[in-house]
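Report on one structure; see the data block that follows.
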Amino acid sequence: MQPNILFILIDGLRADQFFGKNKRSYTPFFDSLIAKGVYFENTFSSSDGTTISLNCTLNSRFQFETGIRARKLVLFDDNHLRTLKDSGYNLVGITPNLTSLKPLTDFFENNKKTFEPGPPPESLPVGLAQRIESLLNSLKDKQPWFCYLHLFDLHPLREGRIPEKIENFNSEKYGDSYYSKTVSSIDFWLKKILDDIDLSNTLLIITADHGERIPFNDKHLNDFEPELKTITKLGKNLLPESTHDFGGKILGNVKQRLGKAKLNKSNNELTPYQKRSRDPYFTLSLHDELLHIPFLLSGLNLTSKIISKQTSTLSIFPTIFDLLNISQKNYFKKQSVLQLIQGKNNFQENKIYLHTSPYEDESPLDVEGIRTSKHKYFRHSKNSEKNIHLYDLENDPYENYDLSKNNPEVITEMEKLLKDMKKNTSESDYDITKEEEEEISKELKKLGYM
């Protein structure tokens with residue numbers, strides 16, 4: 001009998017809050033899993049957004065193959081869920097109830113396979129943990145199974161909201177930001193859920209779709225805006241009601257200007273990395289805080305190992321399949337990093353294509369690039385002469401110093417790598433109806449993306 005597979009994707013989980021010297025969250029359960037598993041400490045998403053990232057993960061193809069501007073999941077005929085199904089696995093899962101994720105949930109055999117994304121979303125402390133426990137308990141007679149869980153507990157922070165029940169983790173022990181405290185909460189709840197899972201016969205994967213900004217000193221752009229309560233109250237009392245909306249807009253603009261001035265003053269002594277942390281959450285970015293994610297394999301009595309080689313999300317499923325001897329096409333097998341788990345030193349590092357997850361309309365912020373373990377290079381997605389950035393990742397891991405002005409030979413080399421990577425591929429067409437487009441726009445607006 002093949003082992004079961006429990007795949008947990010924590011939306012927006014940064015690698016540095018899961019493992020490492022900069023971790024501020026309190027995660028004894030994650031620590032115990034890492035101590036008994038294989039952890040890839042340099043895993044990177046190809047995009048800063050969920051849909052595009054999942055396209056890469058579930059197909060082991062980069063964006064220029066699956067649709068750079070795709071607004072819902074594109075699952076090819078040979079996608080990894082299909083491989084699991086054809087290999088005799090029972091597929092179940094729970095994901096946010098989003099039109100863009102429907103091609104994924106269509107593979108699941110269980111009832112109640114979605115939860116409300118909010119705001120606020122159904123999260124582990126407000127009922128989702130019990131739903132997951134119930135689902136896992138129902139699988140005892142359906143082995144082997146593959147269970148996909150997509151957690152949205154961190155997402156309220158993107159919407160400028162405080163996560164539900166976070167007050168239970170409101171002490172320095174659990175972190176110095178709402179983000180790290182929420183990661184601590186996720187750790188607590190996953191331990192409760194997984195205590196009864198037999199990891200001797202189950203491969204557990206914990207990863208993410210992309211990273212996230214954590215505002216420096218936990219102070220975001222909006223925190224610098226004055227409330228102006230007295231002026232607001234006076235205006236409502238003295239001015240006719242018909243002028244309140246107009247007056248509110250004027251006051252809102254004043255608050256934004258004052259807030260921006262205070263923000264700029266506060267940012268004077270900060271590094272570029274620290275300043276970026278206070279950008280609006282939905283600002284497009286290819287900096288590592290938005291791309292560096294965890295990738296953990298635990299269970300099946302794996303030998304404990306920390307692997308530092310650069311890894312892409314394209315490698316996740318091919319590695320799982322290699323590890324479990326699940327048949328896969330050679331196209332995917334080339335992405336497997338099983339050799340690293342086995343301790344072989346002749347592994348050829350895979351370069352990672354990068355592209356921002358675009359807005360509905362094309363934007364000057366749309367950029368594409370490439371990441372090696374040594375350099376990060378990106379520029380305007382349509383014009384290779386605009387918005388050029390180059391970073392020395394070995395000496396500047398926080399990407400504070402753009403070296404593009406003084407290193408034309410490195411730019412030429414990276415641009416060639418980028419073009420060579422794309423030359424034999426073409427962007428896929430993807431099917432989406434007008435109704436789906438409209439529904440996705442509504443959902444994105446509700447979640448604060450538009």
Side-chain angles (χ1 to χ4, degrees), residues 4-13 45-47 49-63 65-87 89-118 121-123 128 131-132 135-136 139 142 145-155 203-210 293 295 313-318 320-321 326 328 332 357 428-433 435-437 439-440 442-444 447 449:
N4 301 313
I5 304 171
L6 178 54
F7 191 101
I8 301 177
L9 186 140
I10 303 171
D11 200 296
L13 178 59
S45 172
S46 286
S47 180
T50 301
T51 303
I52 303 297
S53 174
L54 283 180
N55 277 344
C56 297
T57 301
L58 295 172
N59 294 291
S60 286
R61 291 175 168 93
F62 287 121
Q63 298 93 308
E65 299 172 271
T66 62
I68 283 171
R69 306 198 74 82
R71 303 193 71 207
K72 77 170 186 177
L73 276 182
V74 177
L75 293 179
F76 283 57
D77 290 341
D78 59 0
N79 73 78
H80 299 315
L81 298 177
R82 173 62 60 191
T83 296
L84 286 164
K85 194 172 183 66
D86 291 345
S87 300
Y89 275 83
N90 296 287
L91 271 59
V92 299
I94 300 177
T95 74
N97 183 20
L98 295 169
T99 305
S100 57
L101 299 183
K102 191 172 183 302
L104 170 62
T105 55
D106 283 347
F107 270 92
F108 300 153
E109 303 161 13
N110 55 304
N111 297 320
K112 296 183 179 178
K113 46 194 172 184
T114 63
F115 63 85
E116 286 310 310
E122 284 185 66
S123 57
L128 188 58
R131 283 189 56 191
I132 292 171
L135 174 61
L136 292 173
L139 299 176
K142 295 183 178 180
W145 47 259
F146 169 85
C147 179
Y148 176 97
L149 303 174
H150 189 135
L151 305 182
F152 237 40
D153 290 51
L154 285 162
H155 209 276
L203 179 64
L204 170 64
I205 300 95
I206 298 180
T207 188
D209 47 354
H210 54 77
I293 61 171
F295 172 27
T313 55
L314 273 66
S315 296
I316 293 177
F317 275 93
I320 293 169
F321 293 164
I326 295 172
Q328 59 183 318
F332 301 126
S357 190
S428 169
D429 293 327
Y430 61 97
D431 295 324
I432 186 165
T433 66
E435 289 76 17
E436 286 176 322
E437 280 275 12
E439 195 59 35
I440 288 170
K442 286 180 189 174
E443 291 166 353
L444 290 176
L447 290 171
Y449 284 87

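Residues take their numbers from the sequence shown, with the count starting at 1.
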Phe317 and His80 aromatic ring geometry - parallel, tilted or perpendicular at 30°/60° bounds
parallel
Does Gln63 reach the main-chain N or O of Ser46 with its side chain, forming a donor-acceptor pair under 3.5 Å?
yes
Judged by modelled atom types alone, do Thr95 and Thr114 share a side-chain donor-acceptor pair under 3.5 Å?
no
Please walk me through it: do Ile293 and Thr313 pass side-chain contact (heavy atoms from CB on, under 4.5 Å)?
CA-CA 9 Å; Ile293 61 171; Thr313 55; 3.4 Å; yes
If you measure from CG on Asp209 to SG on Cys56, what distance do you get to the nearest 0.5 Å?
11.5 Å
Would you confirm whether Asn55, through its side chain, and Leu73, through its main-chain N or O, come within 3.5 Å as a donor-acceptor pair?
no
May I ask you to decide if Asp153's main-chain N or O and Ser123's side chain share a donor-acceptor pair within less than 3.5 Å?
no
To the nearest 0.5 Å, atom CD1 of Ile5 lies from atom CG of Leu84 at 5.0 Å
Donor + acceptor pair across side chains of Asn59, Thr66 (<3.5 Å)
no
Go through the steps to decide whether Leu54 and Leu9 satisfy the test side-chain contact (heavy atoms from CB on, under 4.5 Å), and finish with yes or no.
CA-CA 10 Å; Leu54 283 180; Leu9 186 140; 3.7 Å; yes
Is the shortest heavy-atom distance from the side chain of Ile8 to the side chain of Ile10 under 4.5 Å?
yes
Hey, are Arg61 and Asp78 close enough for a salt bridge, meaning a charged N less than 4.0 Å from a carboxylate O?
yes
Between Leu136 and Trp145, is any pair of side-chain heavy atoms under 4.5 Å apart?
yes
So, Arg131 and Glu122, do they make that salt bridge, N to O below 4.0 Å?
yes
Under 4.0 Å between a Lys/Arg side-chain N and an Asp/Glu carboxylate O for Lys85 and Glu109?
yes
Looking only at non-hydrogen atoms, find the nearest pair between Phe152 and Pro121 and report the distance.
O-CG, 3.7 Å
Side chains of Thr51 and Leu98 in contact at under 4.5 Å (non-hydrogen atoms):
no
Answer yes if the side chains of Thr50 and Asp11 hold a donor-acceptor pair under 3.5 Å, and no otherwise.
yes
Do Phe115 and Pro96 have side chains that get closer than 4.5 Å, going by heavy atoms?
yes
Taking the side chain as C-beta and beyond, is there a heavy-atom pair between Ile326 and Thr83 under 4.5 Å?
yes
Decide yes or no for Phe107 and Tyr148: does some side-chain heavy atom of the first lie under 4.5 Å from some side-chain heavy atom of the second?
no
Are any side-chain N or O atoms of Asn90 and backbone N or O atoms of Lys142, one a donor and one an acceptor, separated by less than 3.5 Å?
yes
Could you please spell out the steps behind the side-chain contact (heavy atoms from CB on, under 4.5 Å) verdict for Glu437 and Arg71?
CA-CA 8 Å; Glu437 280 275 12; Arg71 303 193 71 207; 2.6 Å; yes
Determine the minimum heavy-atom distance between Ser60 and Leu314, stating which atoms define it.
OG-O, 2.6 Å
Roughly how far, to the nearest 0.5 Å, is the CZ atom of Phe7 from the CG atom of Leu149?
10.0 Å
Test side-chain contact (heavy atoms from CB on, under 4.5 Å) on Ile205 and Leu6; report intermediate values, then the result.
CA-CA 6 Å; Ile205 300 95; Leu6 178 54; over 6 Å; no
Counting N and O atoms only, with roles assigned by atom type, does the side chain of Lys113 sit under 3.5 Å from a partner on the main chain of Ile94, one being a donor and the other an acceptor?
no
For this output row, return yes or no: ring centroids of Phe146 and Tyr89 closer than 6.0 angstrom.
no
Straight-line distance of Cys147 SG to Ile132 CD1, nearest 0.5 Å:
7.5 Å
Do His210 and Ser47 have a side chain donor and acceptor closer than 3.5 Å?
no
Mind checking the CD-NZ spacing from Glu436 to Lys72? Nearest 0.5 Å is all I need.
3.5 Å
